[in-house]
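Inspection log for the structure reproduced underneath, given as structure tokens.
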Amino acid sequence: MKKLLKNKFAVLGISIIALLILAAFFAPVISPYGQSEQNLYQRLLPPSSEHFFGTDDLGRDVFSRMIYGSRISLAVGFISVFIILFIGTSLGIISGYFGGKTDSVIMRFTDIVLCFPTFFLILLIIAFLEPNIFNVMIVIGLTSWPGLARLIRAEVLSLKEREFISVAKMMGIDNLKIFAVHILPNIISPLMVYASLAIGGAILTESALSFLGLGVQPPMSSWGQILTSGKDYIYIAWWLSVFPGIAILITVLAFNLIGEAIRDVFDPKEEYVRK
Amino acid sequence: MLISVKNLTKNYKTESGKVTVGALKDVSFEIEKRKVLGIIGESGSGKSTLVRILSRLENFDSGSVEINGKDIYCFGKKEFSRTVQMIFQNPYASFNPKLTVGYSLSEALEKNCKNKKELIMNKLALVGIDEDILDKYPHQFSGGQRQRLAIARALLKEPDILIADEPFASLDAVSQSIITDIFIRIKKDKKTNIVFITHDISSAFEISDKILILKNGNIVKYGTIDDIKNDRTNDYVNELIEADYLLEQ
């Protein structure tokens, strides 16, 4: 952790995420207007000192809606990616490490899940379940792990042939400890890259679902929902699409910075070279 | 008997299962305690497969392998780790690059072991490495140093048998002689028995008591150094000895 805080990119990334989380937490205090406060006399106003990010087609303050929306977007990003990481990494490691029949069974199952177009699968499940944000997070998590599982399996396949894994086996170390101490730190870089991209992906998937009316339910807002609703007015009200877009960009970037920094922390060689 | 191998056969199959390659064909030999066994053979002769079977890193098709009179698959995981330890050919890959050497070494000891540091220092002294290395990472060492660290780690388990798979192969001449010295020291200690692979018959003569020569998965010759030097009936053995003689000249 100390090493992580020495890395200035990591500090930048962590501060951005911390700021976003604080904003989400204190949304009612920070936002100048209510989430669904409408004022039809002030429709589609450009950014000004009164409405920092302008107003939407119902005269709602975009800045306030984005602050409230950060709650949803961050939660979707975090929770669904956590589920993806958990399932993808464990199945990938088990499959790659044990090989043989275990590998075949897990990989065929992965192929089956991969065959379904993820987005339509999500649509189908959400249509059956109640369309609320909680279901969206879980369904995104449960359907988006196959790519990661395959990536991790490939990494583990090459890793387990390395001699230090054989040494660990010969030392009589438990498989779980081999996974945690010898395998996980050595696959952390692809894992982190995947995770930081997946967070952005999850936020966008949620926005697409919200656009179809299956994600957050009005009058609640999320970044994706503001972004997609803004596309109808892109020629006359650019602020509706640009600000949520920038917010998503900054969030994904911040996670990327943290991911990159964690990778460096786990790579002693890199640090040695930099010294 | 320390190791007793009977009718050991191992085939490798291609992924489709159509072609099988016989790595070991009906191999039988025994070695008693306190004897160093050198295994010699060209690439593909089955020597690595043999030691990987001895260290349970590979299964075999038929036959039996016993250590101290007990089938190797009857050992528990922990028990086996105190019976057989192995050093690999490539010292660059035998340490986890993300962990400090100190951590890697202490993994060989039990979690609650009280005098961990003392035990580690003992073994490091045996392989001639200074003590202030515990916080360093593997990439900060040369190949020869890593190989010595790997030996120290294996010895921390106090194994009955130390298997070394071509321990000299990727090292320079100086490191080779240092490691040869370490093996001779281990041999004198009489705690650990050594089995080692080499393709260099002169280093085999230097350390071992008995030599096993493999070719294409068959035993060409098995016996003491004198047996091998004096018996000139086998062409392959002759070839090996003559090649070594030429090199020395």
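From a predicted model like this one, the values you see are computed outputs, not experimental measurements.
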Does [atom1] in [X] sit with more than 12 non-hydrogen atoms of other residues, nucleotides or ligands closer than 6.0 Å?
{"X": "A:Lys160", "atom1": "NZ", "result": "yes"}
{"X": "B:Lys33", "atom1": "NZ", "result": "no"}
{"X": "A:Arg150", "atom1": "CZ", "result": "no"}
{"X": "A:Phe120", "atom1": "CZ", "result": "no"}
{"X": "B:Tyr12", "atom1": "OH", "result": "yes"}
{"X": "A:Phe109", "atom1": "CZ", "result": "no"}
{"X": "B:Asp189", "atom1": "CG", "result": "yes"}

Could you measure the distance from the [atom1] atom of [X] to the [atom2] atom of [Y]? Nearest 0.5 Å is fine.
{"X": "B:Lys78", "Y": "A:Met171", "atom1": "NZ", "atom2": "CE", "value": "11.0 Å"}
{"X": "B:Lys98", "Y": "A:Ile183", "atom1": "NZ", "atom2": "CD1", "value": "13.5 Å"}
{"X": "B:Leu57", "Y": "A:Ile165", "atom1": "CG", "atom2": "CD1", "value": "12.0 Å"}
{"X": "A:His182", "Y": "B:Phe95", "atom1": "NE2", "atom2": "CZ", "value": "11.0 Å"}
{"X": "B:Lys111", "Y": "A:Lys177", "atom1": "NZ", "atom2": "NZ", "value": "6.5 Å"}
{"X": "B:Lys77", "Y": "A:Asn175", "atom1": "NZ", "atom2": "CG", "value": "4.5 Å"}

Find out whether A:Val181 and B:Tyr103 are in side-chain contact, i.e. whether some heavy atom of one side chain is under 4.5 Å from a heavy atom of the other. yes

With the side chain counted from C-beta on, respond yes when B:Asn96 and A:Arg162 share a heavy-atom pair under 4.5 Å apart, and no when they do not. no

State whether the side chain of B:Gln85 and the backbone N or O of A:Met170 hold a donor-acceptor pair below 3.5 Å, judged by distance alone. yes

Mind listing the closest non-hydrogen atom pair of B:Ser81 and A:Gly172 along with its distance? CB-N, 3.9 Å

Quick check on the interface: out of B:Pro138, B:Ser94, B:Ala154, who has the most heavy-atom pairs with chain A under 4.5 Å? B:Ser94

Top of B:Met86, B:Gln89, B:Lys157, B:Glu107 for chain A proximity - count of heavy-atom pairs under 4.5 angstrom: B:Glu107

Between B:Arg153 and chain A, with a heavy-atom cut-off of 4.5 Å, which part of the residue counts as in contact: side chain, backbone, both or neither? both

For B:Tyr92, is it the side chain, the backbone, both or neither that has a heavy atom under 4.5 Å from a heavy atom of chain A? neither

